[in-house]
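Notes follow once the structure below has been shown.
Computed from a prediction, not measured in an experiment: that's the story for all the values here.
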Amino acid sequence: MEKPYLEHIKYPSDISDFTQKELSELCEEIREKLINVVSRNGGHLASNLGTVELTVALEKVFSSKNDSIVWDVGHQCYTHKLLTGRANVFDTIRTEGGISGFPKREESEYDAFNAGHSSTSISAAYGIARAKAMLDKEGYTVAVIGDGALTGGMAYEGLNNAGRFKKNFIVVLNDNKMSISRNVGSIAKYLKRVRFKSGYLKTKARFERIFSKIPFAGGAVVRGVRKIKAKVRYSLYQTVLFEDMGFHYYGPIDGHNITELAEVFESVKNIKGPVLVHVITKKGKGYTLAENKPNVYHGISAFDIETGEPLSGKTDFSFIFGNKLCELAEKNKKICAITAAMESGTGLSRFATEFKTRFFDTGIAEEHAVTFAGGLASEGALPFFAVYSTFIQRGIDQIIHDVAMQNLHVVFAIDRAGLVGEDGETHQGVFDVALLNPIPNLTIYSPTYFEELEYIMEISAAEGNGAVAIRYPRGTEPYKPDDFVCGKKHYALYGSSKCDTLIITYGKIFANACMARKILSEKNIDVCVMKLTRIKPVPEQALNDAVGFKNIFFFEEGMLTGGIGEHFLAEAVKRGYNGKFIINAIDNIYVRHAKVDSLFEKLGLSADEMAETVLKNREDK
């Protein structure tokens, strides 16, 4: 095949006959493509650069359409997409109408399972493998999981269940010593111990292959050697975690040596039962800036390739949160911070440095983090758990049982609340309000501006509070009218309360509502905007003020069902409201990837769409 290779590769089988030289050249071409496209579109760079050879080897060996490769989280699937018929549209990744930055079954028959959250691949792949066995379908099943994802409990639920399988099932552990932040905990220490004693383990597979070929005695020799080997292994590691769980263990293997990887993958195809192949990779490989700072280049916005500098860089809500928390922690020794492997992403890097004994990284284990926070609070500590909206979903049961039901004082700092844009369905922060709204003993705030976030953090840290959720958007502050003043109130009215039309909203899209008000005023239509800062419970006076308007339009950057708009309407009706009440929220859909402003337009949440909704639906006196 002539270079460049990618434009000729339509299916994984196209690389099955590549020479070692051609495979190496293909990897170089892929890395160049990844860096160029991600520098323009943003996305996950370091993780994809680190898995180029691993992915090429997987696609070379498991090239049949009957084979299933399940990617954990899926943020490292870019090379997979390039080799499965999407190279010609790869420039569109994470753009509106383009391909997704995560595996997507509707996008390709080679995407075996949708992903976006961590630690799910083993469970999903095991389900696929069992279905193939049950329905007499052909094909191998491979789960690819990172060492960071092994800090999540669901991975062990999958391992525990799959360890009893009697047919071939392959788990590839991609060990790059990182998730987003550095890996923490006992599993990270265990894998480090395995890496340092890799000589013995590398010998294992070769030894067994040689002796198994000896006629008659071969099998018996291998069985005898295995008994000796088990004792030696235990003396080296004190435990053999994966084999104790029922897996045949192979590794560690150089994750950038395609020949060795392909040989091992071909070998483990023949094993009856579950297999775990431990692969060592370097996150960010091939791009020096990403190799040196893999956490920075894990998920990154558009940047300059030469310097690595982001093309836009402004102070954001995560930064403000982290700095304010440090300020509060200086005054209050009870305050501590928790992250689920997202130290830098949630703005906690400074806190981790200045308050080391009060900073806790639980790994990718949101359920544990919430209950851990409850335990801290039960003894008088004041934990702030900083977590993305999309990931707080994983801890709802724990919030109910282990925090709110006991009325414990825990603050949930919910970052990336609302639409986040290009990461798409799995990462849009639009479910947290509907999930948290029904929970008793839980107060929810949704600030629009930095000043409000800081004030809410202060009052949330005050004595006597139970569980508190503070949800704030990704990025920097939105537009603020010159004549609007952020007050220390749970709600505010912007504009004259003597008109007949009221727009109600909260969070980032208050800015859009203000711009809609301006558009309407130019058409000689006067409206008032109510900004809710505390959205649960809705302030009583806000309800009393609202029922005086003839037309109410509630705009919500979240799900319609279970949202604040529905609750507000119910409370207004209790107070005798019989005017027009229209709710515009996200109704029974998953929001696809696109720029946030474009999504606002499509969902009726932009300034123009808000103004149009009011124009079409308001009733005059």
Which atom pair, heavy atoms only, marks the closest approach of [X] to [Y]?
X: R575; Y: N544; answer: NE-OD1, 3.5 Å
X: L348; Y: A386; answer: CD1-CB, 3.8 Å
X: L408; Y: S378; answer: CD2-CA, 3.8 Å
X: L532; Y: A542; answer: CD2-CB, 4.1 Å
X: I586; Y: V430; answer: CD1-CG1, 3.6 Å
X: A369; Y: F385; answer: CB-CZ, 3.6 Å

Measuring from atom [atom1] of [X] to atom [atom2] of [Y], what distance do you get when rounded to the nearest 0.5 angstrom?
X: I503; Y: I582; atom1: CD1; atom2: CD1; answer: 11.5 Å
X: I396; Y: H401; atom1: CD1; atom2: NE2; answer: 11.5 Å
X: N48; Y: H80; atom1: CG; atom2: NE2; answer: 11.5 Å
X: I414; Y: S446; atom1: CD1; atom2: OG; answer: 9.5 Å
X: R40; Y: L311; atom1: CZ; atom2: CG; answer: 11.5 Å
X: E566; Y: N437; atom1: CD; atom2: CG; answer: 9.5 Å

Between the side chains of [Y] and [X], is the shortest nitrogen-to-carboxylate-oxygen separation below 4.0 Å, so that they form an ion pair?
X: K324; Y: E458; value: yes
X: E425; Y: K104; value: yes
X: K602; Y: E609; value: no

Cation-aromatic face contact R474/F317, 6.0 Å, 45 degrees:
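No, R474 and F317 do not form such a contact.
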Using side-chain heavy atoms (C-beta onward) and a distance below 4.5 Å, is [X] in contact with [Y]?
X: S118; Y: R394; value: yes
X: V70; Y: V144; value: no
X: H368; Y: I338; value: no
X: Y388; Y: M342; value: yes
X: K580; Y: N617; value: yes
X: E454; Y: P447; value: no
X: V527; Y: F553; value: no
X: V410; Y: L382; value: no

Between [X] and [Y], does any side-chain donor sit less than 3.5 Å from a side-chain acceptor?
X: D361; Y: T339; value: no
X: Q541; Y: D545; value: yes
X: S606; Y: N512; value: no
X: T426; Y: H117; value: no
X: E556; Y: Y506; value: yes
X: S318; Y: R416; value: yes
X: K531; Y: T448; value: yes

Evaluate F510 against F484 for side-chain contact (heavy atoms from CB on, under 4.5 Å), listing each step before the verdict.
CA-CA 11 Å; F510 169 67; F484 178 78; 3.8 Å; yes
In sequence, state the C-alpha distance, the side-chain angles, and the governing distance for I99 and K81, and then conclude on side-chain contact (heavy atoms from CB on, under 4.5 Å).
CA-CA 9 Å; I99 63 173; K81 296 204 173 201; 4.1 Å; yes
Check the pair F102 / H427 against ring-ring contact (aromatic ring centres under 6.0 Å, His included), numbers first and verdict last.
CA-CA 10 Å; F102 294 89; H427 282 61; 4.9 Å; yes
Take atom [atom1] in [X]; do more than 12 heavy atoms of anything else shown fall under 6.0 Å from it?
X: F581; atom1: CZ; answer: yes
X: Y590; atom1: OH; answer: no
X: K334; atom1: NZ; answer: no
X: K489; atom1: NZ; answer: no
X: N588; atom1: CG; answer: no

Output yes when a side-chain donor or acceptor of E109 lies under 3.5 Å from a complementary backbone atom of R105, and no otherwise.
no
Do any N or O atoms from the side chain of Q428 and from the backbone of G421 form a donor-acceptor pair under 3.5 angstrom?
yes
Please evaluate residues D423 and H593 with respect to the criterion side-chain contact (heavy atoms from CB on, under 4.5 Å), reporting the C-alpha separation (whole Å), side-chain torsions for both, the decisive distance (0.1 Å), and the verdict.
CA-CA 6 Å; D423 278 340; H593 59 280; over 6 Å; no
What's the verdict on ring-ring contact (aromatic ring centres under 6.0 Å, His included) for F359 and F355, showing C-alpha distance, side-chain angles and the deciding distance?
CA-CA 6 Å; F359 173 75; F355 303 96; over 10 Å; no
Assess the residue pair S389 and D432 against the criterion (side-chain hydrogen bond (donor to acceptor under 3.5 Å, both in side chains)); give the C-alpha distance rounded to whole Å, side-chain angles, the decisive distance to 0.1 Å, and a yes or no.
CA-CA 6 Å; S389 170; D432 60 276; 2.7 Å; yes
So F549 and Y577, ring-ring contact (aromatic ring centres under 6.0 Å, His included) or not? Walk me through it.
CA-CA 9 Å; F549 289 84; Y577 184 72; 9.2 Å; no
Go through R534 and Y491 one step at a time and tell me if the side-chain contact (heavy atoms from CB on, under 4.5 Å) criterion holds.
CA-CA 7 Å; R534 191 185 74 195; Y491 82 102; over 6 Å; no
Determine, stepwise, if the pair D500 / R618 fulfils salt bridge (Lys or Arg N to Asp or Glu O under 4.0 Å).
CA-CA 9 Å; D500 65 358; R618 67 184 288 272; 3.3 Å; yes
Per salt bridge (Lys or Arg N to Asp or Glu O under 4.0 Å), R592 is matched among E106, E422, E96 by E106
